[in-house]
> 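Here it is: the structure, laid out below.
Note that the coordinates shown come from a computational prediction; the quantities given were computed from them, not determined experimentally.
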Amino acid sequence: MVRVTTLALPAPPASRVDRSGEPLIRAAGVWKIFGRHADRIIGTSDAELPRAELRAKTGCVAAVRDVSFDVWPGEVFVVMGLSGSGKSTLVRTLIRLIEPSAGQVDIAGKDVTAASQAELRELRRHTSSMVFQHFGLLAHRRVIDNVAFGLEIQGVSKAERLARAEKVLQLVGLEDSANSFPDQLSGGMQQRVGLARAFAVDPKVMLYDEPFSALDPLIRRDMQDEVIRLQHETGKTMVFITHDLPEALRLGDRIAIMRDGAIVQLGTPEELVGSPADEYVENFVRDIPRSHVLTIRWIMRDARPGEEDGPRLDVRTNVRKAIPVIAESERPVCAVEDGRVVGVVDRETVLTAIAGESA
Amino acid sequence: MAVAQPAARAVAAPAPRPWWRGRAGLVVAVVLGIVISYFGWRNDVPWPASLTWNSLAAHLDSFQTWLSDHRNLPHPSIVFRAFNGLASFLDDIVGWLTSFFFKLTWIGTTVLGVLVVLRYGGRRAALGVAAAFAAFAAMGLWEPSVRTFALTFASVALALAIGLPLGVLAGRSDRFARAITPVLDAMQIIPAFAYLMPIVILFSVGPGAAVATTLIYAIPPAIRITALGIRGVQPNTVEAATALGATRLQTLFKVQLPLARRMLLLSVNQTILFALSMVVIAGLIGGQGLGDVVTSGLYSNPALALLAGVAIVIMAIALDRATEAMAIRTDPAHRHLTEGKKRRLRLYTLACAAAVGLAVGLGYAFGAGSVWTGWTGQSWLLRQVQSVLDYVQNPSTFVFHITNPIGNFIVQYGLEPLRTFFVATPWPAMVFGLALIAFLVSGLRPALIVAAMLAVVGVANEWTPAMDTLSQVLVATVLTLAVGIPLGIWAAESERARRGMRPVLDVLQTLPQLVYIIPFIYLMPVSIVPGVMASVLYASPVVIRLVEAGIREVSPNSVEAAGAFGATRAQVLLKVKIPLAREAIMLGVNQGLIMVLAVVVIGGLVGSGALGYDVAQGLQRSLFGQGVLASLAILALGIALDRVTQGRRRRRLGDLA
Ligand SMILES: Nc1ncnc2c1ncn2[C@@H]1O[C@H](COP(=O)(O)OP(=O)(O)O)[C@@H](O)[C@H]1O
Ligand SMILES: [Mg+2]
């Protein structure tokens with residue numbers, strides 16, 4: 001039997017998220033209330049009412065209620081919730097496709113909520129771009145012209161924008177369809193065009209509003225891989241809206257769970273799965289196999305004296321991936337963070353965790 | 001509790017009441033009241049002289065004189081100069097266009113028309129256009145046809161120049177759409193006869209006045225359909241453009257307009273049809289061309305008038321098909337134009353332009369005239385038409401034995417008694433009765449408007465002719481509904497019936513209003529009847545279509561549910577479909593009334609008397625004051641009839657929002 005004493009698995013890639021400086025997006029106390037005289041409601045006791053009661057009383061809908069979060073450069077920030085929970089409205093308030101009723105949004109150090117129309121256009125042209133659930137492609141233009149559309153809006157010359165569009169089309173694997181028209185492509189390919197159009201302007205921030213919800217499950221998986229790949233290659237910051245928890249867990253560095261317009265929990269996938277904040281979140285994560293999401297940090301116990309020289313694993317290793325190592329080892333496996341042993345996992349802890357999954 | 005509400009309401013639902021206890025019963029009671037007042041105080045209470053403004057006509061006449069005096073001063077004031085400029089501009093456009101087509105020679109004009117349609121609309125549409133040119137030549141109506149086309153073209157171009165931008169605005173702004181909708185409604189319910197007089201006073205007789213008249217009629221559909229087109233562009237494409245930082249103008253020109261292009265071209269199509277249906281009326285006030293041939297032939301050469309009417313219909317059909325084909329073929333969203341295709345099309349365009357140039361050159365080389373003057377079958381055609389007209393008028397033929405009694409019957413048992421009834425009923429009973437009905441059917445505001453409108457009629461000293469017109473409108477509307485509702489139901493129930501009726505309805509709807517009247521002058525030459533019959537023909541297609549659409553719209557679920565209870569087809573129709581389609585049928589009544597009024601007053605040209613006659617006199621004998629007052633009364637009557645029947649929830653064809 002081989003004694004494993006060194007790291008059995010490569011540590012997960014060092015996080016691309018850069019938390020050293022300022023957050024790239026900062027939303028503070030954002031509200032959106034639809035309806036007449038909506039702005040009068042914020043700050044009164046009515047604003048605290050549950051959504052249905054507010055609607056019955058004033059006829060207004062509180063789509064987004066007092067939402068705050070930061071997104072760091074390079075991060076994939078997922079917003080998840082049932083349909084109607086305010087996700088689309090929230091992501092639109094970030095670039096004021098929908099005017100927020102209250103609150104402040106900063107993107108790349110600029111106060112979006114205070115920006116003039118011209119500044120806002122600059123932001124939308126160069127800093128952010130968005131991918132939509134229903135694609136929003138222009139039916140009267142070829143694929144390549146669709147991809148170049150953002151550059152055209154900016155006034156980039158035709159030769160230059162077509163060259164750039166061609167490159168981006170290669171990036172999403174659509175170089176052969178450049179001269180097709182959107183209605184000649186399948187749904188998945190159309191959304192690739194949508195992705196390419198967003199990428200073509202080389203934005204700092206990508207906003208996705210349920211981009212894959214209209215696609216078949218198999219294609220959806222492909223597209224998720226595509227996004228992960230693009231994100232790794234380009235290191236873009238992303239705000240990703242979805243109502244699909246597995247999708248959120250696959251993509252998100254952090255996930256905000258929304259309910260009735262408010263964020264009920266914000267955390268890493270393992271935080272959500274490991275300690276759901278309330279029943280609503282619990283219901284979401286119940287069917288998720290915990291070993292797929294949780295790292296050994298969540299199941300380790302304190303090391304007893306003498307156990308600290310067992311085989312070592314990074315504390316961020318997935319439980320599922322750690323199982324073979326633990327199974328082969330006679331001794332408890334040490335969880336290591338920054339070179340220090342912070343806990344140990346043995347067969348018993350793993351079995352307890354897996355047993356908890358089916359309970 | 002919110003949840004408990006529906007159940008509570010179901011329990012509280014009133015037991016079905018017999019109809020005479022409902023609103024219908026009240027309406028009948030009001031009508032009975034009016035009838036009683038007629039028998040009690042017949043002719044005793046005419047509209048009082050103290051409530052009329054007798055000198056109004058004279059004032060209007062002197063205003064007109066003042067206007068034309070000041071306008072024709074050697075140095076008119078700035079207002080008049082601007083106005084004269086507008087009037088002569090409108091005159092000039094038509095003049096320029098006409099002489100342009102004449103300069104091309106008849107060969108050049110033909111080749112230009114056919115090739116433009118061939119290039120953008122395809123072979124079939126081009127063939128139709130060529131056939132239309134051939135027909136104009138064969139009928140010997142080449143010159144008036146070209147003049148009419150020039151008039152239509154000028155009107156349509158101006159209508160679009162005004163209508164498209166406003167339509168784009170209405171498509172992009174809810175506020176603007178809400179503000180403009182009532183104006184468009186008003187423009188569309190006003191019978192053309194009501195604004196002829198004011199326009200003649202402002203523009204004086206001539207092509208300019210004809211263009212202005214046509215514009216009023218053709219601008220609303222241009223605005224409506226454009227707005228619908230802009231609103232029809234998927235919001236998420238617009239949002240995507242905004243998210244990329246597009247300005248409003250960029251969004252408009254790069255996204256909304258190209259994607260709405262097809263609808264915009266359809267709005268061109270509709271505008272053309274609306275404009276063409278006005279050219280005959282335009283002929284009354286100096287529009288040259290086919291309309292002029294129709295109106296002047298009405299008394300002197302009816303066969304020629306009929307022939308010109310046919311030419312208008314041919315032009316309408318050819319233009320309709322051509323523009324529709326262009327709208328569909330050039331839709332950028334479905335055309336998939338690649339660079340190679342684009343280049344080939346550009347060459348094609350060049351070739352077409354060269355061919356037109358060549359044709360014009362050949363025309364000059366061989367001395368082709370500005371209009372076709374070669375062989376025509378006109379005299380032969382005229383003889384045939386005349387012999388048909390003679391035949392139907394001959395008392396010894398069997399046609400006469402059918403039409404004559406029908407005409408006499410309508411007059412004797414419908415029009416005459418009703419006319420006496422309306423004219424002789426005490427005016428307060430009429431005003432309050434109609435207002436009450438409006439209140440019961442449509443609500444308080446419409447009722448007040450109805451009362452006010454009838455008061456306007458009285459004050460303008462038009463009470464008697466207005467009541468006369470009203471009686472004709474009622475008879476015609478009753479006939480229209482008697483024809484339209486059963487046919488509409490039949491068309492809704494039977495696909496075969498629908499397909500059979502469609503081409504007939506299409507043709508009836510493209511015919512200009514006046515053209516309907518001509519045959520009836522011969523078929524039923526009894527004073528009022530031609531106007532009434534023509535209005536029935538004019539309004540029936542719309543009623544049929546509205547009723548049919550209403551019944552077809554009834555949710556299949558309710559029909560299925562009734563079927564599941566074992567209802568027979570007749571039961572389903574009577575107990576489910578017709579009650580559920582009531583709103584659409586009501587709209588049919590409303591639209592039918594408005595359309596009937598428009599044609600009944602035109603009947604004034606051919607002996608229907610009443611308000612239409614006063615307008616015709618105003619136009620033909622320059623009795624301006626008289627004509628304007630009658631126009632005002634027509635307008636008031638139109639608004640009143642609309643409000644009485646609009647129903648509580650206003651539903652309109654082609655609502656913007
Ligand atoms: N333009 C609008 N006017 C009124 N209510 C709206 C509007 N847009 C969204 N809402 C309401 O706001 C709530 C949140 O909608 P949305 O942001 O689309 O939710 P999600 O994207 O999570 O499905 C919903 O209740 C919706 O009905
Ligand atoms: Mg959504």
> Please determine whether the number of non-hydrogen atoms from other residues, nucleotides or ligands lying under 6.0 Å from atom NZ of B:Lys341 exceeds 12.
yes

> Does the pair B:Thr242 and A:Leu97 meet the rule for a side-chain contact (heavy atoms from CB on, under 4.5 Å), with working shown?
CA-CA 7 Å; B:Thr242 316; A:Leu97 287 176; 3.8 Å; yes

> Counting only non-hydrogen atoms closer than 4.5 Å, can you tell me which residues of residues 182-200 of chain A sit against chain B?
A:Asp183, A:Gln184, A:Arg197

> Heavy atoms only: give me the nearest B:Ala241-A:Phe149 pair and the separation to one decimal.
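It is CB-CE2, 3.9 Å.
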
> Using every non-hydrogen atom in the two residues, find where A:Phe132 and B:Ala240 come nearest and quote the distance to one decimal.
CE1-CA, 3.4 Å

> When you measure from the side chain of A:Arg124 to the backbone N and O of B:Leu244, does any donor-acceptor pair fall under 3.5 Å?
no

> If you count heavy-atom pairs within less than 4.5 Å of chain B, which of A:Gln117, A:Glu122, A:Glu152, A:Arg121 leads?
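Option with the greatest count: A:Arg121.
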
> Side chains of B:Lys254 and A:Arg141, heavy atoms from C-beta outward: is any pair under 4.5 Å?
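Yes. Closest side-chain heavy atoms under 4.5 Å.
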
> Ignoring hydrogens and angles, tell me if any N or O in the side chain of A:His140 forms a donor-acceptor pair with the backbone of B:Val255 under 3.5 Å.
no

> Step by step, would you call B:Glu239 with A:Arg92 a side-chain contact (heavy atoms from CB on, under 4.5 Å)?
CA-CA 10 Å; B:Glu239 190 178 36; A:Arg92 280 166 176 73; 2.4 Å; yes

> Among all residues two or more places apart in sequence or in another chain, which pass the ring pair (Phe, Tyr, Trp, His ring centres under 6.0 Å) test with B:Tyr120?
none

> Is it the case that atom CD in A:Gln133 sees more than 12 heavy atoms from other parts of the structure closer than 6.0 Å?
yes

> Is it the case that atom CZ in B:Arg261 sees more than 12 heavy atoms from other parts of the structure closer than 6.0 Å?
yes

> B:Thr251 versus chain A, heavy atoms under 4.5 Å apart: side chain, backbone, both or neither?
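Contact with chain A: none, neither part.
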
> Between A:His134, A:His126, A:Arg125, A:Gln154, who has the most heavy-atom pairs with chain B when the cutoff is under 4.5 Å?
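Maximum pair count with chain B is reached by A:Arg125.
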
> What's the shortest heavy-atom distance between B:Thr237 and A:Leu137, and which atoms?
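Closest approach of B:Thr237 to A:Leu137, heavy atoms only: CG2-O, 2.9 Å.
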
> What is the minimum heavy-atom distance between A:Ile95 and B:Ala243, and which atoms define it?
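Shortest heavy-atom contact: CD1-CB, 4.3 Å.
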
